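Please read the structure below before turning to the comments.
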Amino acid sequence: MKIPLLDLKAQLDPIRDEIMAAITATVDSTCYIMGPQIELFEKNMADYCGTGAAIGVSSGTDALLASLMALGVGRDDLVLTTPYSFFATMGSILRLGARPVFADIDPVTFNIDPAKVAALLADSSLAARVKAIMPVHLFGQCADMAPLLKIAGELHIPVVEDAAQAIGAAYPMTVDGAVQWQKAGSMGLYGCFSFFPSKNLGGMGDGGMVVTNSDKMAKDLRLIRVHGDISKYQHTVVGGNFRLDAMQAAILNVKLLHLPKWHAARRQNATLYNALFKDAGLVEAGYVATPQAVYQDAAAAGEGVDYHIYNQYVIRVKDRDALRDYLLEQSIGVAVYYPIPLHKQKCVADLASSRLSLPVSEKAAAETLALPIYPELTSEMQEYLVERIRAFYKK
Ligand SMILES: *Cc1c(COP(=O)(O)O)cnc(C)c1O
């Protein structure tokens with residue numbers, strides 16, 4: 001049985017007519033840059049995330065870059081982030097001449113560890129140079145935001161959330177003694193999203209969004225999106241061309257309506273994988289550790305809370321590379337996110353951080369494997385895949 005890592009055709013088929021109608025309408029409108037589809041999508045995203053504003057941008061990478069630009073991050077500034085993420089997290093910092101400072105991750109969630117953030121920021125001379133803290137909500141589950149926001153608030157350091165993999169993911173914030181579910185991207189000063197086709201909400205090309213509850217930060221970001229042009233060729237700051245295409249917005253307006261059901265299907269697939277791995281004895285034997293949804297218990301009372309949106313279903317395994325090759329040979333699409341932690345990338349070999357030991361990230365990079373989790377994946381496929389993994393260990 002062939003099982004792809006992601007099957008965009010299976011997602012497209014049932015919504016093809018809706019998408020084509022939206023594309024046709026946009027083509028006929030001749031409004032290709034900004035305009036009503038962008039405005040509508042920004043409104044829809046602000047509503048969905050529970051924020052005051054949303055600003056469409058050209059990609060998730062540019063969402064991060066433009067956010068840091070709006071915060072004035074520049075040469076020799078520091079940005080505190082995780083070493084275990086997609087390259088764009090660090091790339092956006094480096095492109096501004098700033099330097100990443102890495103706090104290692106939590107071994108259970110793979111997200112930045114707030115205790116390690118606190119330990120780093122206890123050094124006041126370092127803290128004074130940190131211009132932003134950038135947590136990543138990796139694989140579709142929010143980083144532990146309450147302690148991060150507390151530390152950041154005490155030191156007046158803005159938080160920029162890299163929510164590229166976590167659109168709609170909810171975090172149980174305790175407000176006045178009661179749990180209030182807050183959406184990824186809505187908790188920091190800026191929240192950044194990507195509509196790369198493999199994200200839970202994927203466009204048909206590149207796209208991104210920044211959300212914020214600050215009117216001022218929304219205004220600054222809108223300026224940076226269009227070369228700092230306040231009106232007709234009057235440039236107050238240097239920005240870029242960071243606009244989202246109207247065509248992508250039209251497509252995404254259609255797809256956003258389907259997102260809750262896609263999240264739920266991914267969650268259901270995750271639940272089935274968890275049970276299958278357990279029943280196969282692979283968990284108990286120590287071959288496979290299934291992902292932990294750490295906010296699931298808090299969500300138990302509220303059906304439909306997106307406590308994890310499973311952009312990726314990532315297991316820890318013994319003999320990872322051999323298992324990956326074994327599955328790929330059998331046309332089972334698996335992938336390693338990410339094989340090299342950011343501090344070990346060649347392009348930053350000259351930075352002092354490349355000599356750091358960040359053991360939790362380094363171990364994760366060596367042990368993790370992402371399995372297909374897309375909404376249209378069938379239970380037969382999942383059963384077959386788990387059976388193949390069982391065969392690998394018990395041969
Ligand atoms: C996808 C992704 C990005 C970048 O998004 P693009 O739209 O591809 O530029 C940034 N950070 C993380 C964690 C991502 O997964």
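For ligands, and for the atoms within them, numbers begin at 1 and follow the listed sequence. This structure is a prediction, so every number in the text was calculated from the model and none was measured. Excluded from the calculations below are hydrogen atoms, water molecules and symmetry mates; all remaining heavy atoms, backbone and side chain alike, are included. We number each residue from 1, following the sequence as shown.
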Item checked: Asp306/Arg267 salt bridge by N-O under 4.0 Å criterion -> yes
Check: Does Asp47 pair with Lys43 as a salt bridge, N-O distance under 4.0 Å?
Finding: yes
Where does ligand 1 get N/O contacts under 3.5 Å from the protein, atom by atom?
unit_1, atom_1, unit_2, atom_2, d
ligand 1, 5 (O), Ser194, OG, 3.2
ligand 1, 7 (O), Gly60, N, 2.8
ligand 1, 7 (O), Ser194, OG, 2.6
ligand 1, 9 (O), Gly60, N, 3.4
ligand 1, 9 (O), Thr61, N, 2.8
ligand 1, 9 (O), Thr61, OG1, 2.5
ligand 1, 11 (N), Asp162, OD1, 3.2
ligand 1, 11 (N), Asp162, OD2, 2.8
ligand 1, 15 (O), Gln165, NE2, 2.8
ligand 1, 15 (O), Lys199, NZ, 2.6

Check: Val211 pairs by side-chain contact (heavy atoms from CB on, under 4.5 Å) with which of Cys192, Ser186, Cys49?
Finding: Cys49
Check: Can we say Glu154 and Lys150 salt-bridge, meaning some charged N sits less than 4.0 Å from an Asp/Glu carboxylate O?
Finding: yes
Next item on the list: Could you pull out all residues at least two apart from Asp113 that satisfy salt bridge (charged side-chain N to carboxylate O under 4.0 Å, His left out)?
Entry: Lys116
Note to self: So that I can tick it off, tell me whether Arg324 and Asp321 are bridged by a salt bridge, with the cut-off set at under 4.0 angstrom between side-chain N and carboxylate O.
What the structure shows: yes
